[in-house]
Amino acid sequence: MKAAVIRFPGSNCDQDCMLALREFGVDAEYVWHKETSVAAYDLIVLPGGFSYGDYLRCGAIARFSPVMRSVVEEAAKGKFVLGICNGFQILCEAHLLPGALVRNRSLHFRCEHLFTRVENFTNPWLNTAVTGQLLNIPIAHGEGSYLADPETLIQLNRNRQILLRYCDSHGAVTHAANPNGSLENIAGICNARFNVFGLMPHPERACDPRLGSVDGRVIFESILTRLGVRKAA
Amino acid sequence: MTEPAITPELIAKHGITPDEYGRIQSILGRDPNFTELGIFSVMWSEHCSYKNSKRELRKFPTTGPGVLVKAGEENAGVIDIGDGWAVAFKMESHNHPSAVEPFQGAATGVGGIIRDIFTMGARPVFSLNSLRFGPISEKAAAANTEPATLATNRRLFAGVVSGIAHYGNCIGIPTIGGEVYFDESYNGNPLVNVFCLGVLKHEQIARGAAKGIGNPVFYVGAETGRDGLAGAAFASRDLTEESKEDRPAVQVGDPFREKLLLEACLELLATDAVAGIQDMGAAGLTCSTCETASRGGTGVEIDLAKVPKRETGMTPYEIMLSESQERMLIIVKKGHEQTVCDIFEKWDLPYAEVGEVKDDGMMRVLNEGRLVAEIPASKLADDAPLYEREAKARPLPAELDLATLPEADVHRSLLDLLAYPSIASKNWVYRQYDHMVRSGTVVLPGSDAAVFLIREANKIVAATSDCNALYCSLDPREGARIAIAEAARNLACSGAVPLAVTDNLNFGNPHNQENFWQLRESVEGLAEGCRAFNTPVTGGNVSLYNQSPAGAIDPTPTVGMVGLIADEKHVTTSHFKSAGDVILLVGELGDELGASHYLKVVHGRKEGRVPRMDFGRELAVQEAVRALISSRLVRSAHDCSEGGLAVALAESCQSGGSLLGAQVDLGQTGLRLDQALFNESQSRIVVSVTAQNASAVQALLEWRGVSARRVGTVGGEQLVIRCNGAETAWSLTELHGAWYDSIAKVMEA
């Protein structure tokens, strides 16, 4: 099992993702955005940051990086692709995930610990969690408000592709608990095959108890379990 | 194209006095041309030369066993943190640019300080900032303040915060702490002081010297444009109504470019290709060429035709004085040119070989082979005139006469203090900063000091910035002494041992004798503090001319202090942890109400004698608390500062996210109630300990000769303070409502 952390110019959570993966004993490597193949990897991580300065629109330029053609091809073959924050934005721009992420409702960047609720655990990304479980994972974004047309939303709900929703500390999905104005408090979604997952919260920042929460681990544990490098608990 | 003739008017317009012009003539042995005049004007500005402050700065202690790079030697000081690792850190101001263009002014301030750190070969790991604005709400302003002034202050505050967020978030360096104060004296002249710390191994320290005759000189990074022309000179003048016209002197930042530049430079520095490296900050290409030559004892020759440019038709004057951002000058070891090319190609950054190191000590500037400037580099860099300005002492304020002070309702007063923007929670600010990227923020913003785990080195570093300018305005020496002591106290409360200091001296026009006296008193006060706490000054910045038509700012010698936490188990935060814990006040109950925020906020009076700072007592208190922390006896520690004991207790009830009440009994104090609750006597720390350990902790403190008293217990839905037989209670919701949302309510209204 090998994992790739893609480095776009302007990625800045690449080192944090690498650290989290290596803490789990994963053989992970950085892949520069000018590379043309990620076929050698079983898990492909698009980290957070400001790829290309987020100029034009978040992720809009990064999707044209040479490496993305291969990411799209590998995703089509069923390889696992995880996009965190800016990585989620890039996956939407590359049409690997439906919908778009737009400016936060408050118009401000927001960085804080908050809760998301696991909406579905029958997938590769949350199989070690349970539905309804609360995850305390920090967010840090200026453009994380998830938008999609009504048909897409119906599809996402019907197929249970919405994996995480923002909620309060009691698990209630409320307007007040929504940090950015996302439709239906959406924090993370999958594609229809469940092999591509994008989320705005940063699970890699919630793996070390010294940083206040280890709730991000469940996502890494789940995908590593699915990949067979970790035994299910 | 013909250059303007050198006339007395043109010389004066460049801020050069007739005496200074004479000095230039004797250095050159002739009259300077237009380009050379421009070069001298920026290099001999206060911002670059410290000509008005250097004699004072020499009073700082700058050496110590851990100092690897001293103040003034390079772009930033470097301090040993053990196991072969070191930290480079520095604080710098961007006050003037932020006054006329808050977003870009603040953003480029962040960019500049980050470059200073990676120029040293260090990877920047976190930032802090220290901000000052005029009042933002009617309630917190003087009675007759114009609504337009408040609106301007809010615009500046919002702009500066989003500028810092824009740059820091994008480049991926967490902004994990700092301070924000509001006071009338900053109307029209906000202060934006930014701090950055980076980590490196001892052998990675890079030098800004042009070594090796014949070595090629490379320009890397963004193209040069007409932005920021002569910004250093702009920063060395008073702000006036016309300053808006200086907006072209404000640079435009591109954090994405800087992120690439940062990664490319660190990649290059990891090779063996670099002989010297220097960022282009204030005074741009001018400063970087003459300083590297001066440090190297060499000369540097560059050809401006080879400099990557953003615009056509730029004159040599403009190219030399441009302060376009995200640029570096690199002296490359001959034969290693290809390494530079490969790395900068990889990162898609412009680069060009623009000249070479010479043996004649000259800074020689050509344009397409034609000589446009030729100046002895060391004389330009190091021989700026030094001035001993006249100082005139301002009488120290008289002791506050309590009889003239009506006793305000303490219930209302505490809520007013907590809601006062300088004291209120800064969550509206730090939520806009990515304060968790790099996965090292062990203590989130809002505690006494920022605490960061530097994973590369496996070290935990604490950092804080402090300055109570209200104290400094009334007694600059005592205020400066307290700034150092408070910084050290904040570190002690976090479990850290202070290592070193960077300072940012923000003052008014030094030609005003009282302003210069404030500068001198503050420097001497800081120096005394640094010696007392054994924390050398490793660098910093001087920002004078902080003066609007309404007058000078309150003297603001901001202190950035860095400390080390020996063990992750020693990391301590300011908020109460569990009901039933015992609250102790380490230090005296105190009685000094002079210069307090209670006087200012509740009574509208900036007066009275500043609290006395006894370093011996302060050190004893700090060492005692640190020892208790090391023995793992302390559950929370929070120092008493603005607003005194009552504010410290109220903050400890709520700063951790969840709310915890407290029952406090101060007994019969012999003081007025407001005096007991809100006095700002120094050297006091509120700690909480488990009930089981309380007696042992008291005994340990007694054994150390540090006075301490048991003042209450944690728990309940209220903060209750009994004092002199009276009881005052605040519900947690009213405390939280006052403190937590105060700034957001004003800014989002």
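Given the structure is predicted, the values throughout are model-derived calculations rather than measurements. Numbered from 1 within each chain, the chains take letters A, B, ... in sequence-line order.
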- request: Decide side-chain hydrogen bond (donor to acceptor under 3.5 Å, both in side chains) for A:H33 and A:Y52; before the verdict, give the C-alpha distance in whole Å, the side-chain angles of both, and the deciding distance to 0.1 Å.
  value: CA-CA 11 Å; A:H33 74 116; A:Y52 293 92; 3.0 Å; yes

statement: Most heavy-atom pairs under 4.5 Å with chain A, out of B:N427, B:V571, B:D254, belong to B:D254

message: Below 4.5 Å, heavy-atom pairs only: which of B:L260, B:N169, B:V443 has the largest tally toward chain A?
response: B:N169

task: Apply salt bridge (charged side-chain N to carboxylate O under 4.0 Å, His left out) to B:R438 and B:E456, showing your working.
output: CA-CA 11 Å; B:R438 298 196 63 76; B:E456 292 88 335; 3.0 Å; yes

- request: Ignoring hydrogens and angles, tell me if any N or O in the side chain of A:D215 forms a donor-acceptor pair with the backbone of A:I137 under 3.5 Å.
  value: no

- request: Is it possible for you to check whether B:K459 lies under 6.0 Å from the centre of the six-membered ring of B:W85, through NZ or CZ, and within 45° of that ring's axis?
  value: no

- prompt: After noting the C-alpha distance and the side-chain angles of B:R635 and B:S578, does the key distance pass the side-chain hydrogen bond (donor to acceptor under 3.5 Å, both in side chains) rule?
  reply: CA-CA 9 Å; B:R635 308 213 67 200; B:S578 340; 2.5 Å; yes

query: Under the side-chain hydrogen bond (donor to acceptor under 3.5 Å, both in side chains) criterion, do A:S70 and A:T36 qualify, and how do the steps go?
result: CA-CA 6 Å; A:S70 178; A:T36 51; over 6 Å; no

- line: Per-residue tally against chain A (heavy atom, under 4.5 Å) across B:V442, B:D348, B:V437, B:V161 peaks at B:V437

message: Counting only non-hydrogen atoms closer than 4.5 Å, does B:Q432 touch chain A with its backbone (N, CA, C, O), its side chain (CB onward), both, or neither?
response: both

- prompt: Is it the backbone or the side chain of B:R455 that comes under 4.5 Å from a heavy atom of chain A, or both, or neither?
  reply: side chain

- request: Identify which part of A:H202 has an atom lying under 4.5 Å from any heavy atom of chain B, answering side chain, backbone, both or neither.
  value: neither

message: If I measure from the heavy atoms of chain A, does B:T441 come under 4.5 Å with its side chain, its backbone, both, or neither?
response: backbone

statement: If one checks every heavy atom of B:I173 against chain A at 4.5 Å, the contacting part turns out to be neither

field: Which of B:C170, B:A165, B:S162, B:G172 touches chain A most, by non-hydrogen pairs under 4.5 Å
entry: B:C170

- request: For chain B, find which of A:C207, A:S11, A:C111, A:S169 contributes the most heavy-atom pairs closer than 4.5 angstrom.
  value: A:C111

- request: Heavy-atom distances under 4.5 Å only: say whether A:Q15 touches chain B with side chain, backbone, both or neither.
  value: side chain

Backbone of A:N178 reached by a side-chain donor or acceptor of A:R105 within 3.5 Å: yes

